[in-house]
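Positions are given from 1, in the same order as the sequence printed here.
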Amino acid sequence: MTLVTEEDRSQLAAPGSRESSLEYSYDCRSKETFVDSVEPEPFGLTEPPRHSRGRLIMHATLMFGREFCYAVEAAFVTPVLLSVGLPRSLYSLVWLLSPVLGFVLQPIVGSASDHCRSPWGRRRPYILALGVLMLAGLTLFLNGDAVVSAIVKEKGLKRTSAILVVMVGVVLFDFAADFIDGPVKAYLFDVCSYQDKEKGLHYHALLTGLGGAAGYLTGAMDWGHSALGVLLGSEYQVIYFFSALTLGIFLIVHLFSIPERPLVQVFESDLEASLQLLGSRSSGEVYGTLHKKPLVPHEVRASSFSALGEANAITPHAKLPNKEAEKRMTLKSLLLVMLKLPNQYRYLCVSHLLGWTAFLCNMLFFTDFMGQIVYKGNPYADHNSTAYVTYERGVEVGCWGLCINAVSSALYSYVQRLLLPYIGLKGLYFTGYFMFGLGTSLIGLFPNIVSTLTLCSVFGIMSSTLYTVPFNLISEYHREEEEKLKSQCKSGTQDGRGTGTDCAALTCMVQLAQIIVGAGLGVLVNMVGSVIVVVLSASTVSLIGCLFIIFFIRHVE
């Protein structure tokens with residue numbers, strides 16, 4: 001034991017002294033509570049180090065590859081499905097299967113990545129698996145018909161098999177491409193400092209726009225009559241070659257961009273650092289004391305966790321949950337966690353749902369709108385008629401409009417950085433929704449070629465907003481939440497939540513928006529009898545989102 005005089009005791013309790021803070025932290029909870037509920041900061045006693053611009057760009061390259069493949073799918077999914085003989089009655093099934101699966105399973109993936117103890121890190125194993133699934137889906141989607149034709153000779157069986165293989169490819173690709181966004185964003189939050197998170201999200205938006213533009217331009221070229229088309233067999237095989245090469249290379253670059261530290265290693269390093277902190281405090285001996293008795297292991301753990309709780313820097317990372325929290329991570333508990341999210345997260349999910357519903361209303365039917373409304377073509381006319389040729393021309397020009405959208409998205413990601421100090425995150429959020437709602441309403445009311453192509457730039461503003469601002473808000477909310485918990489002598493997030501879970505809850509809204517659009521918009525078009533209702537619906541939902549942002553999204557300093 002140690003003999004301490006009254007004078008020494010008063011010095012230890014002096015305000016602002018290290019010993020005072022440690023004693024206060026220790027008294028907040030019992031030793032058993034510290035041992036059972038500790039949630040050390042994943043990257044030790046300090047915030048993660050700053051990373052170079054090159055590292056952040058390497059991290060964002062996967063978004064280029066993913067969006068490149070998304071653009072290829074958007075350009076070729078209808079021709080491929082028509083070429084294998086898919087009945088029109090099954091189109092809605094193709095578009096609904098992937099978002100339904102994503103909406104149900106994405107929170108599980110997000111939570112599982114929060115608790116992953118792989119030696120390679122928490123997020124990268126899931127990103128690798130989902131990237132491989134994307135490549136598999138792309139392979140089946142673009143090569144399924146050719147492979148089935150080479151294997152199956154009976155006509156009826158060949159048609160059925162080709163439809164099944166292509167449908168599986170489309171659903172698998174959409175499923176993996178939608179899922180991968182949550183772990184990628186959580187990976188960025190885990191390994192980057194507070195300043196680098198904002199930069200990283202802007203690079204994500206920039207390369208997302210550039211990837212979409214490159215994908216649409218690649219799909220717009222006539223590869224069938226080129227030397228590469230003759231060598232590989234068909235236009236679809238050339239497109240697959242470029243898509244798989246782009247996605248594969250950028251997936252590898254992304255995975256080796258910024259190292260992750262596994263949870264077990266982080267736990268051990270945090271414990272060692274905290275022990276060193278306590279050792280430096282107690283290394284000197286005071287006059288009138290006896291030699292100090294070594295602490296019992298569980299006392300060392302309790303004291304070290306007490307010091308760690310006070311010393312850790314605050315960063316918006318997911319925490320290592322205690323054993324009881326891990327046991328509760330079931331489908332039922334995850335759904336309950338999502339239902340019990342703090343109000344700011346719930347409101348953010350609702351506004352994200354409104355934004356993606358408006359955006360998908362416009363994007364999924366935009367080329368059809370150009371063909372029927374702007375160019376006044378008829379998709380149901382004979383294929384050798386002027387009306388059908390005019391419709392096809394409108395669809396081609398619509399693809400150029402989507403390319404304008406992708407380029408403007410990349411450019412606006414830099415404009416956001418200039419506007420942020422003046423209008424803040426909430427102002428950026430409102431601006432994106434308002435510009436999109438205003439632009440789509442003008443397109444619907446005054447449909448002509450020049451104005452429509454010019455206003456396609458507002459699609460990019462909305463796209464960049466949806467890919468960056470909500471995740472920046474999540475990062476800010478996590479920072480505020482952890483500062484509040486620290487002031488209460490606690491650590492971690494409530495209800496066993498982590499960054500992966502919250503990002504997954506947000507990206508689930510994309511799948512829910514796809515379900516709403518896929519199930520309801522076709523019925524609405526049939527009721528009205530014109531696809532102009534698509535653009536007007538997008539405008540209406542976006543303007544409703546503006547009002548929701550004004551009244552419910554909390555401003556962050």
Side-chain angles (χ1 to χ4, degrees), residues 56-79 134 138 142 173-174 177-178 180-181 184 200-223 226 228 235-236 238-251 253-254 356 359-360 362-370 394-417 432 435-436 439-440 443 449-450 452-468 510:
L56 295 176
I57 292 176
M58 287 172 64
H59 188 279
T61 52
L62 180 59
M63 305 308 293
F64 183 99
R66 188 190 79 148
E67 205 64 22
F68 185 99
C69 296
Y70 256 144
V72 167
E73 185 202 33
F76 286 96
V77 64
T78 301
M134 286 177 64
L138 199 65
L142 290 175
F173 174 82
D174 281 341
D178 290 341
I180 206 171
D181 193 50
V184 167
L201 287 174
H202 283 299
Y203 288 134
H204 279 211
L206 171 65
L207 292 182
T208 294
L210 294 178
Y216 286 121
L217 289 176
T218 302
M221 297 179 183
D222 183 11
W223 296 105
S226 66
L228 195 57
E235 182 178 17
Y236 292 157
V238 176
I239 297 297
Y240 169 74
F241 171 77
F242 284 119
S243 302
L245 185 66
T246 301
L247 179 59
I249 290 175
F250 288 150
L251 175 63
V253 172
H254 170 82
W356 271 104
F359 188 67
L360 291 175
N362 183 73
M363 298 301 290
L364 292 180
F365 294 89
F366 180 71
T367 53
D368 190 46
F369 170 82
M370 287 290 293
V395 171
E396 291 175 1
V397 175
C399 289
W400 285 104
L402 294 179
C403 184
I404 294 173
N405 147 64
V407 173
S408 65
S409 175
L411 295 176
Y412 185 68
S413 65
Y414 275 98
V415 176
Q416 279 185 319
R417 301 181 66 178
M435 293 296 293
F436 181 79
T440 49
I443 288 174
I449 299 172
V450 176
T452 300
L453 289 178
T454 302
L455 290 170
C456 281
S457 57
V458 302
F459 304 165
I461 294 176
M462 185 64 160
S463 174
S464 181
T465 299
L466 291 173
Y467 277 117
T468 56
V510 182

Can you find a heavy atom in the side chain of [X] that is under 4.5 Å from one in the side chain of [Y]?
{"X": "H204", "Y": "T468", "value": "no"}
{"X": "E73", "Y": "L138", "value": "no"}
{"X": "D181", "Y": "V510", "value": "no"}
{"X": "Y412", "Y": "T465", "value": "yes"}

Nearest heavy atoms of [X] and [Y], plus distance in Å:
{"X": "Y236", "Y": "L142", "answer": "CB-O, 3.8 Å"}
{"X": "A214", "Y": "F64", "answer": "CB-CZ, 3.9 Å"}
{"X": "C456", "Y": "G401", "answer": "CB-O, 3.5 Å"}
{"X": "A213", "Y": "A406", "answer": "N-CB, 3.2 Å"}
{"X": "S457", "Y": "S408", "answer": "O-OG, 3.0 Å"}

Exercise. When the ring centroid of F173 is compared with that of Y70, is the distance short of 6.0 Å?
Worked result: yes
Exercise. Taking the six-membered ring for Trp, are F366 and W400 ring centroids under 6.0 Å apart?
Worked result: no
What distance do [X] atom [atom1] and [Y] atom [atom2] have between them, rounded to the nearest 0.5 Å?
{"X": "L207", "Y": "S409", "atom1": "CG", "atom2": "OG", "answer": "10.5 Å"}
{"X": "N405", "Y": "I461", "atom1": "CG", "atom2": "CD1", "answer": "10.5 Å"}
{"X": "I443", "Y": "L455", "atom1": "CD1", "atom2": "CG", "answer": "5.0 Å"}
{"X": "Q416", "Y": "L411", "atom1": "CD", "atom2": "CG", "answer": "12.0 Å"}
{"X": "F459", "Y": "L402", "atom1": "CZ", "atom2": "CG", "answer": "8.0 Å"}
{"X": "H254", "Y": "H59", "atom1": "NE2", "atom2": "NE2", "answer": "4.5 Å"}

Exercise. Does a sphere of radius 6.0 Å around CE in M435 hold more than 12 heavy atoms from other residues, nucleotides or ligands, not counting ones at 6.0 Å or beyond?
Worked result: no
Exercise. Okay, side chain of S464, backbone of G460: is any donor-acceptor separation there less than 3.5 Å?
Worked result: no
Exercise. Is the F359 ring parallel, tilted or perpendicular to the W356 ring (thresholds 30°, 60°)?
Worked result: perpendicular
Could you tabulate the donor-acceptor pairs under 3.5 Å formed by side-chain atoms of residues 242-251, not counting sequence neighbours?
| residue | atom | partner | partner atom | Å |
| --- | --- | --- | --- | --- |
| S243 | OG | I239 | O | 2.8 |
| T246 | OG1 | F242 | O | 2.7 |

For this session: Apply side chain to side chain contact (heavy atoms under 4.5 Å, CB included) to the pair F369 and N362, showing each step before the final yes or no.
Result: CA-CA 9 Å; F369 170 82; N362 183 73; over 6 Å; no
Problem set entry | side chain to side chain contact (heavy atoms under 4.5 Å, CB included) between L62 and I180, worked out | CA-CA 10 Å; L62 180 59; I180 206 171; 3.9 Å; yes
